[in-house]
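One structure is given below, encoded as structure tokens.
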There are 2 protein chains.
Amino acid sequence: MKNGKITIHDISKALGIDSSTVSRALNDSPRVSKKTKEIILNKAKEVGYQRNSLASNLRTNKTHTIAVVLPRVSRYFFATVIAGIEETAYEAGYNVIICQSLDNLNREKKIISTLISNRVDGIIMSISMETTNYEHLQAYKKLGKPIVFFDRPCSLNNCSNININNFQSSFNATKHLILKGCKHIAYFSGSLDIELYRQRKNGYIAALNEHNIKVNEHYIFESNLSEEDGIKSAKKILQLKSIDGLYSSNDTAAISAMQYLKSKNIRIPEDIAVVGFNNDPISAIIEPSLTTINQPAFKIGKIASNLLVDQIENKTTNIKEQSKLLNSELIIRNSSKKV
Amino acid sequence: MKNGKITIHDISKALGIDSSTVSRALNDSPRVSKKTKEIILNKAKEVGYQRNSLASNLRTNKTHTIAVVLPRVSRYFFATVIAGIEETAYEAGYNVIICQSLDNLNREKKIISTLISNRVDGIIMSISMETTNYEHLQAYKKLGKPIVFFDRPCSLNNCSNININNFQSSFNATKHLILKGCKHIAYFSGSLDIELYRQRKNGYIAALNEHNIKVNEHYIFESNLSEEDGIKSAKKILQLKSIDGLYSSNDTAAISAMQYLKSKNIRIPEDIAVVGFNNDPISAIIEPSLTTINQPAFKIGKIASNLLVDQIENKTTNIKEQSKLLNSELIIRNSSKKV
DNA sequence: CTGTTAGCGCCTTCAT
DNA sequence: ATGAAGGCGCTAACAG
């Protein structure tokens, strides 16, 4: 009992029961009689015993800890993913530690190195923007421990990736407007040089096609989706007049457009403007007339956590089962092999 | 070299040098010759050695890890505090793990229990709203390890507390307006049943007094600082007419007030409306005419981290030194004793 | 400067 | 159902 810390040996001595039995009792092993278990547990509580996980982890080579590595927690999307991860992980008996790369590769490398040293059982991560090679991640995988990637894809061997299904989510958002009666739907898109925005555009077009609404290229506003872009687009919308619905890839542009329209005393009926991928409740407060269709962040967290825990424990995940949760909002590539 | 993991013994055998020397070399001990150190380090790199911190921590009873326990990371204030903590902690060679209590006492208790088991070297925390007794924290303190509290005060023995200096910050904000030429300054206050808002009100009054501006109780709008309250207050401001400046305890009410005034085509000159304690950049985007005076969150993180590390390493912190950083924005109560 | 030895606290065969 | 013994990987005292 050095340093005021109580060990299983202290309990062992106090009770005249061998420390191995104490250990078994504290781990609720079936190989200890109910009576002795009770005695030991009571004593443990009485003396304020707290397991030394360092020793336990060293011995078992398991830490019951998973790490989440992502650019920064202050982005609402990431914070929400974390919430989803924690909920699932805690249920499965895992601790979660959160590490911010700040989109800096060196920092990310250092984090991974620390995670290796600390032998976390698995990693859920969204790689930094600077990450183009995966040597540091490979080093972790070599320990035989799994990594699940989300949001930003990573082609590292034998890893799962979870991504938003841009096509389907965009389709859902557009369809929502069509079902509300909109026929002339403006679409705020990011640069169509970017794959992600092409996928979303395709979802928008597919929904129109499905309802026999002909696509009008003038309704598609390609921009950087900044505040100013929102205002510019709003002005164009006013000129076009016929437009009766708005679907935006992003909340910033949509909010400024809506506020501009309001400042011109244009009445905006409920539900005729939607954002496809927003997760930030602040936007909803600023501009309540905006409806958000897909809220994938929390689900991403839950699924990432499920996948990872299953891989840690060498189970196979039933992807179909997971998909039920999803309504096709997400795409899961599970290239991990059972060991 | 079981499980593909390389230990100091593998290096030891490969080189015919004792493992204790290898250990010393890897820790850059001065008691190893430069040559052998080099040989060992090279070999370590060659075979991809990664220290097993679990073993090291067990042996040394130090984890070089500090934990941050707070309600939730998604609040910008807390995210900013974390940024400050991480910056300082990493410089001092500590890892940071982040734990969210979600303002739930049971969760907080479980977190502390895990932190005890994992023997983190110190804790920086903002207690949950449900936390009224401190037994679980006491259990951690018994290990002889320090806790530093911030934002929400905690009277646990021998702990440091870091809080916003409400009086001084409020004084600063009000003074800012006075120096801008405002004579009739409205003040949006939260419920004056709450100590914190009384302190802020006193700061406001003190600044007026200092400049011989007489306090007009009609200029003080006590409310819950909600959006609706902001609009109500804005209407009253319009009636009063004379008001030429606004100081708000909180951004929500201030934003809605400013937006209401704008909607009535009231021109709002720059810098005549300020928020005392806002840290959220979103507010600045929504309502650029609002100026923010005090930005204490990052500083709180840095100072908390400094204090904690000093306590872990048994140094005394020079509080005066810290205060230079602060401009009296914060109050530090350092009741921790050196051991 | 390097090697020997022991032990951090726990878990897990193996034996009884 | 319980006890005895060894070792996870590392480091720190003590020798030399």
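Proteins get letters first, then strands, A, B, ... in listed order; numbering begins at 1 in each. Only heavy atoms go into these numbers, but all of them, side chains included; no hydrogens, no water, no symmetry mates.
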| message | Check this one for me: any side-chain N or O of B:Arg51 less than 4.0 Å away from OP1 or OP2 of D:dT11? | response | yes

Using a 4.0 Å heavy-atom cut-off across all strands, classify [X] as base, sugar-phosphate, or nothing.
| X | value |
| --- | --- |
| A:Thr36 | sugar-phosphate |
| A:Ser33 | sugar-phosphate |
| B:Asp18 | base |
| B:Ile17 | sugar-phosphate |
| B:Asn27 | sugar-phosphate |

| Which residues satisfy the salt bridge (Lys or Arg N to Asp or Glu O under 4.0 Å) test with A:Arg51, sequence neighbours excluded? | none

Distances for protein N or O near nucleotides 13-16 of chain C N or O, under 3.5 Å:
{"from": "C:dC14", "atom 1": "N4", "to": "A:Arg31", "atom 2": "NH2", "distance (Å)": "3.3"}

| task | Select from B:Thr21 and A:Tyr49 the residue whose nearest nucleotide in DNA chain C is closer to the 5' end of that strand. | result | B:Thr21

| request: Could you tell me how the ring of A:Phe78 sits relative to the ring of A:Phe150: parallel (under 30°), tilted (30 to 60°) or perpendicular (over 60°)? | output: perpendicular

What's the [atom1]-[atom2] distance between [X] and [N], to the nearest Å?
| X | N | atom1 | atom2 | answer |
| --- | --- | --- | --- | --- |
| A:Ile116 | D:dG9 | CD1 | P | 16 Å |
| B:Arg119 | D:dC10 | CZ | C1' | 17 Å |
| B:Asn61 | D:dC10 | CG | P | 18 Å |
| B:Ile11 | D:dC10 | CD1 | P | 8 Å |
| A:Ile8 | D:dT2 | CD1 | P | 16 Å |
| A:Leu54 | D:dC8 | CG | P | 18 Å |
| A:Asn57 | D:dC8 | CG | C1' | 11 Å |
| A:Lys13 | D:dA4 | NZ | P | 14 Å |

| Evaluation steps, salt bridge (Lys or Arg N to Asp or Glu O under 4.0 Å), between B:Asp28 and B:Lys37 | CA-CA 8 Å; B:Asp28 200 25; B:Lys37 216 181 257 185; 3.0 Å; yes

| Over all atoms of both residues, closest heavy-atom pair of A:Pro153 and A:Asp151 | CD-O, 3.5 Å

| said: Can you confirm whether A:Lys62 is buried at NZ, in the sense that more than 12 heavy atoms of other residues, nucleotides or ligands lie under 6.0 Å from that atom? | reply: yes

| remark: Per atom distances to the A:Thr60 side chain, the nearest of D:dC10, C:dG9, C:dT12 is C:dT12

| side-chain contact (heavy atoms from CB on, under 4.5 Å) partners for A:Ala79, two or more places apart | B:Val73, B:Ser74

| Does B:Tyr140 reach the side chain of B:Val120, with side-chain heavy atoms less than 4.5 Å apart? | yes

